[in-house]
Amino acid sequence: MDRYLVFGHPVRHSKSPFIHTLFARQTQQELEYGLAEPAVDEFAQALRTFFDQGGKGCNVTVPFKEQAFTLVDCLSPRAKRAGAVNTIKLTDDGVLLGDNTDGAGLVADLKSHGVTLADSRILLLGAGGAARGALAPLLAELPSELVIANRTHTKAQQLAAEFHDLGPVTAQTYEQLAGAFDLVINSTSASLQGELPPLAPALIHTDIAIYDMMYGASDTAFISWAKQHGARQTMDGLGMLVEQAAEAFTVWRGIRPGTKQVLRELKRNLGVI
C-alpha cells in the first residue's frame, strides 16, 4: 500500500491523517497516511529514510517548510515563489518534486465562501512564510491592489518588492493604512496566542471580508475582534487546511477529491458543529 506522511514538530495535533483518509475513501485510492515528528535537526535524515523505505509523498509543516525547500531535487514554480515546500512527491523517475499548495488552498477557500478577488482591495497582515506562500496565488486573481502590513515594516517592503512583478503589491505600516479594503487576511500567528495585530478598528466595515489563517473550535481572537467592530463575513483557516490538502492529494494521485463533505466531517470532529 502506498505510504504518505506529514512531517512537523510538533505534529501530533495534525488533522492531515483524518483529512487524507477521507479523501482516499472518497476517491477509492489505496493508501495509508501517518505522522512523523523528527527532532528539528533530524528532519533531513528522516525525510531520506522515508523515501528510501518506499514512501510515495509527504506533507511538510512547521518548522520544516524552508528546510524542505533545500532538500528536494526540483521545485514547482509556486514553490520557488513561496520559498517553502509543504508537499513532496516522489515521481515515477525517482525525482523528489517540491510543491507548495498553501496559497492555492487559501484562494480556493475564499472562492468557496463567495469572496470576489478580482478588482478587490486586499490587505495582507504579516510578512512571514504564510504571507509569502499566499502572494502569488492572490495576485494571479488580479486584485486592484494588495497591501502588506507587518510589525517590522522592512520585511513587508522586501516582500512587496520581491512580488511586484506579479501585480500591484505595496507595503504600508499599520499607521499608514487608510481607505476601504474589501478583504483582510491575517497570516500572522498572533491568534495562536490570543493576540491581535495592531489594526485600527476604523478599517472594519460591514461589507468587508475577514479571513484568519488560524483556526480553532471557537472564533480566533482576530475574528472575534472583527465581529465586535461590525464585520459580517468572517472566515477561519479550517477550509484552507482542507483545500490545500486536496491540492496536495491531486499532486500525488492525479485525482481531485471533493472538499465540502470532508470539511463538514472535520468540523464535526473538532466539535465546531
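As the structure is a computational prediction, the values presented were derived from the model and not from experiment.
- With no hydrogens or angles considered, no side-chain donor-acceptor pair links Q158 and E162 at under 3.5 Å.
- Cluster annotation: F7 is not connected to L31 through the hydrophobic network of ILVMFWY side chains, with a link wherever side-chain heavy atoms come within less than 4.5 Å.
- Separation of atoms CG (L5) and CG (L35) is listed at 8.0 Å; rounding is to 0.5 Å.
- Listed for the E32 side chain is no donor-acceptor partner under 3.5 Å among the backbone atoms of M1.
- Inter-residue side-chain proximity for Y174 and L199 is flagged as met; some heavy-atom pair is nearer than 4.5 Å.
- Across every non-hydrogen atom of D236 and D109, the tightest pair is O-OD2, 3.9 Å.
- Side chains of D102 and M213 form no contact here, defined as non-hydrogen atoms less than 4.5 Å apart.
- Taking a 6.0 Å sphere around CG of D93, one finds it holds more than 12 heavy atoms contributed by other residues, nucleotides or ligands.
- Q157 CD to Q172 CD: the interatomic distance, rounded to the nearest 0.5 Å, is 11.0 Å.
- Residues F64 and L47 share a hydrophobic cluster, clusters being chains of Ile/Leu/Val/Met/Phe/Trp/Tyr side chains in contact below 4.5 Å.
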Assess the residue pair N186 and W225 against the criterion (side-chain contact (heavy atoms from CB on, under 4.5 Å)); give the C-alpha distance rounded to whole Å, side-chain angles, the decisive distance to 0.1 Å, and a yes or no. CA-CA 12 Å; N186 180 24; W225 175 85; over 6 Å; no

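- Cluster annotation: V6 and V262 are assigned to the same hydrophobic cluster (Ile/Leu/Val/Met/Phe/Trp/Tyr, side-chain heavy-atom contacts under 4.5 Å, transitive).
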Show your reasoning for whether side-chain contact (heavy atoms from CB on, under 4.5 Å) applies to F23 and V242. CA-CA 10 Å; F23 283 162; V242 175; 4.0 Å; yes

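- In this structure the side chain of L110 reaches within 4.5 angstrom of the side chain of L183, judged on heavy atoms.
- Side chains of T220 and D212: a donor-acceptor N/O pair is present below 3.5 angstrom, by distance only.
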side-chain contact (heavy atoms from CB on, under 4.5 Å) between L125 and F222, worked out: CA-CA 11 Å; L125 308 180; F222 183 64; 3.9 Å; yes

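- A donor-acceptor contact shorter than 3.5 Å links the side chain of S144 to the backbone of S120.
- A side-chain hydrogen bond (donor to acceptor under 3.5 Å, both in side chains) with S76 is found for one member of T101, N100, D99 and no other, namely D99.
- Judged by distance alone, the side chain of D182 and the main-chain N or O of R121 form a donor-acceptor pair under 3.5 Å.
- With respect to E42 and R48, no salt bridge is recorded, no charged nitrogen being found less than 4.0 Å from a carboxylate O.
- Counting only distance, with no hydrogens or angles, the side chain of H205 and the backbone of D207 share a donor-acceptor pair below 3.5 Å.
- Looking at Q45 and T49, their side chains do bring a donor and an acceptor atom within 3.5 Å of each other.
- If you chain together hydrophobic residues whose side chains sit under 4.5 Å apart, L166 and L75 never meet in one group.
- Counting heavy atoms of neighbouring residues, nucleotides and ligands inside a 6.0 Å radius, atom CD of Q28 does not exceed 12 of them.
- Here the side chain of T21 pairs no donor or acceptor atom with the backbone of F18 at under 3.5 angstrom.
- With hydrogens and angles ignored, the 3.5 Å screen pairs no side-chain donor or acceptor of K15 with any backbone N or O of L266.
- When F50, W252, Y33 are each tested for a ring pair (Phe, Tyr, Trp, His ring centres under 6.0 Å) with Y4, only one passes: W252.
- Linking ILVMFWY side-chain heavy atoms closer than 4.5 Å, directly or via other members, places V147 and V107 in two distinct hydrophobic clusters.
- Within 6.0 Å of the NZ atom in K56, the count of heavy atoms belonging to other residues, nucleotides or ligands does not exceed 12.
- Of the possible donor and acceptor atoms, none in the side chain of E37 sits under 3.5 Å from a partner among the backbone N and O of P10.
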Yes or no on side-chain contact (heavy atoms from CB on, under 4.5 Å) for K111 and E141, after CA distance, side-chain angles and deciding distance? CA-CA 11 Å; K111 289 182 175 180; E141 296 298 318; 3.0 Å; yes

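- With a 4.5 Å cut-off on side-chain heavy atoms, L135 and R81 do not count as touching.
- Under a 4.0 Å N-O distance rule, the pair R78/E247 qualifies as a salt bridge.
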